[in-house]
There are 2 protein chains.
Amino acid sequence: MIGIDVGGANLKVVDEESVHIHYCPLWKGAPLADLLTPYQGGAAAVVMSGELADSFSCKMDGICHIVDAIKSVFRAPLFYGTDGRFHTSAVPQLAAANWLASADWLRERYPEAVFLDIGSTTTDIIPLPLYNEMKGMTDLRRLQGGYLIYTGMLRTNLAAHIRSVEIDGIRTPVSTEYFAASADAHLVLGHIRDADYTCPAPDWGGATYQASLRRLARVVCADPDEIGERGAIRIAERFWEVQREIISKAVQQVMGESGADMLLTCGIGSALFARELNGRDLREEMGEASDALPAYAVREVALRSA
Amino acid sequence: MIGIDVGGANLKVVDEESVHIHYCPLWKGAPLADLLTPYQGGAAAVVMSGELADSFSCKMDGICHIVDAIKSVFRAPLFYGTDGRFHTSAVPQLAAANWLASADWLRERYPEAVFLDIGSTTTDIIPLPLYNEMKGMTDLRRLQGGYLIYTGMLRTNLAAHIRSVEIDGIRTPVSTEYFAASADAHLVLGHIRDADYTCPAPDWGGATYQASLRRLARVVCADPDEIGERGAIRIAERFWEVQREIISKAVQQVMGESGADMLLTCGIGSALFARELNGRDLREEMGEASDALPAYAVREVALRSA
């Protein structure tokens with residue numbers, strides 16, 4: 001049995017031994033079935049959130065596309081839904097159930113925890129004590145409840161979080177173009193390594209410190225020599241202040257309302273946020289499976305219910 | 001003599017009789033020389049701002065690329081610089097001088113005005129009484145001074161201006177993905193027509209009312225039927241409130257500091273903002289040349305100084 005998580009930007013596959021993450025931009029028509037073919041042969045349990053990709057006219061269109069692609073590769077795959085059940089065909093409940101699969105697996109081991117999954121693009125904050133109440137929640141409701149936040153370690157446009165930044169003591173409004181990504185900020189701040197920069201850079205350039213400085217400078221329409229390394233780093237720091245504040249506030253709110261007594265972190269921002277928010281880093285016990293928790297979890301839940 | 005404005009997203013060409021606007025995304029390596037070849041034969045006066053496109057490693061790299069492309073098509077072209085002079089080769093002063101060419105032409109006719117040029121991506125707010133003080137300003141300095149604002153009628157990511165929107169009375173944080181553009185907001189609000197939607201849509205879909213509603217709904221991770229037409233329009237309205245406020249505040253500031261007594265509007269947002277801010281719409285006297293003012297102006301300035 002393998003577990004599969006079909007996101008909008010990434011495809012994650014977990015088997016008994018290892019975790020495979022493929023960049024798979026569905027909005028560009030990435031060949032999902034082709035990427036899955038090497039994993040053919042056994043059973044598959046699946047979650048998705050990629051149905052929101054804007055190459056699909058609506059979520060149901062996306063669900064059908066993804067289900068068809070999976071079924072073209074695997075025999076009798078099981079699709080986990082926001083109702084907490086497995087389905088064998090395309091139904092509306094399959095939209096964005098990845099977070100619930102993670103919760104479904106974690107709730108037995110950590111019934112009193114909130115878990116925080118910080119991915120490339122989005123952040124899930126799920127109160128495990130409220131697992132039953134969370135069932136059926138759409139992404140719209142999760143945005144409204146503070147359980148889904150569109151901020152991530154790699155792909156977030158800096159201009160979505162910061163309006164301006166102080167450069168040499170002068171308030172400097174930023175460009176709204178997608179000139180730099182959260183990966184650039186986290187790279188120059190040392191939160192991720194070059195090898196962690198697994199999405200394409202906004203300018204399709206390199207994943208290096210110098211290239212990230214160039215992209216950061218462009219956020220204020222400058223070359224690096226106009227604002228200096230210090231100026232570019234200031235832009236990264238400002239973004240990070242805001243991103244940390246957004247996530248930290250949301251975590252506090254969800255911890256409070258659910259009466260949870262511990263915070264579990266996973267995803268590529270796991271170690272960073274475990275440090276920042278005094279959480280327990282699931283990566284330390286799970287290893288790299290923590291970077292693909294929904295894929296890991298849907299497999300576990302399927303095995304448990306088999 | 002023709003006037004040419006090489007922006008990052010659009011190439012604009014003005015001759016005695018007409019205005020030609022070509023979508024020309026330099027960051028994707030659009031073939032600038034090929035697009036210009038049909039205009040070959042006479043003299044050319046040129047301004048640019050496309051050197052900031054992130055396919056170039058730095059502004060000088062962009063300037064050289066653009067100058068080379070122009071020189072491969074025209075004999076002895078003249079390039080207007082932020083020093084208010086024409087140059088015949090690639091020099092740093094050529095970076096983002098388009099707004100100054102417009103000011104240079106307008107200042108003799110409207111010495112006491114501020115002009116507001118609202119394009120697809122950016123907005124220039126230029127105090128003509130301060131023309132001489134404005135010379136030499138880089139885009140970084142213009143951002144800091146409030147003379148350049150990264151907001152436009154077509155390409156602006158809604159998430160760059162709004163953090164949340166009320167849907168059915170519930171505060172709803174938005175996705176930071178590039179799911180909807182300012183063109184979608186302005187289209188559903190009736191500020192632009194389908195034919196004015198001249199940039200690619202975020203999802204590469206159609207420039208229609210229904211397609212824009214779908215893109216707007218995606219900003220809160222929803223299909224249109226989850227939030228209704230009313231919900232999607234609310235997202236557009238919220239964006240427009242913020243965009244209008246940003247531009248209106250900046251115009252007030254520049255009017256105040258320069259002692260100007262009138263506001264001129266041009267660019268594709270010309271009529272809308274002339275109404276909103278009680279300005280004089282240059283389109284009414286110039287016709288479509290107002291949509292390509294820097295290209296028109298650099299030609300006039302070159303003819304004047306010839």
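Residue numbers start from 1 in every chain, and the chains themselves are labelled A, B, ... in the order their sequence lines are given, proteins ahead of strands.
Residue with the most contacts toward chain A among B:P202, B:A159, B:G152, B:P173: B:P173 (heavy-atom pairs, distance under 4.5 Å). Contact count versus chain A (heavy atoms, under 4.5 Å) is highest, among B:D203, B:T156, B:I149, B:L148, for B:D203. Of the residues considered (A:T172, A:D225, A:I246), A:T172 shows the highest number of contacts with chain B, using heavy-atom pairs under 4.5 Å.
Side-chain N or O atoms of B:R163 include one that pairs as donor or acceptor with a backbone N or O of A:H161 at under 3.5 Å. For A:T176 (side chain) and B:Y150 (main-chain N/O), a donor-acceptor pair under 3.5 Å exists by modelled atom type.
To the nearest 0.5 Å, atom CZ of residue B:R218 and atom CG of residue A:D54 are 5.0 Å apart. Note that OG of A:S175 is 9.5 Å distant from CG of B:D139, once rounded to the nearest 0.5 Å.
For B:R155, the part lying near chain A is the side chain, with the backbone staying farther off; criterion is any non-hydrogen pair under 4.5 Å. In this structure, the portion of B:R141 lying under 4.5 Å from any heavy atom of chain A is its side chain and not its backbone. If you measure heavy-atom distances from B:R171 to chain A, the contacts under 4.5 Å come from the backbone alone. For B:S55, no part lies near chain A; criterion is any non-hydrogen pair under 4.5 Å. Heavy atoms closer than 4.5 Å to chain A are found in both the backbone and the side chain of B:I167.
Considering all non-hydrogen atoms of both residues, B:C221 and A:L143 come closest at SG-CD1, 3.8 Å. Contact between A:D223 and B:C58 at its shortest, heavy atoms only, is OD1-CA, 3.4 Å.
Side-chain contact between B:N157 and A:Y178 is absent, with no heavy-atom pair separated by less than 4.5 Å.
When each of B:D168, B:I170, B:V220 is tested with A:Q144 by the rule side chain to side chain contact (heavy atoms under 4.5 Å, CB included), just one qualifies, namely B:I170.
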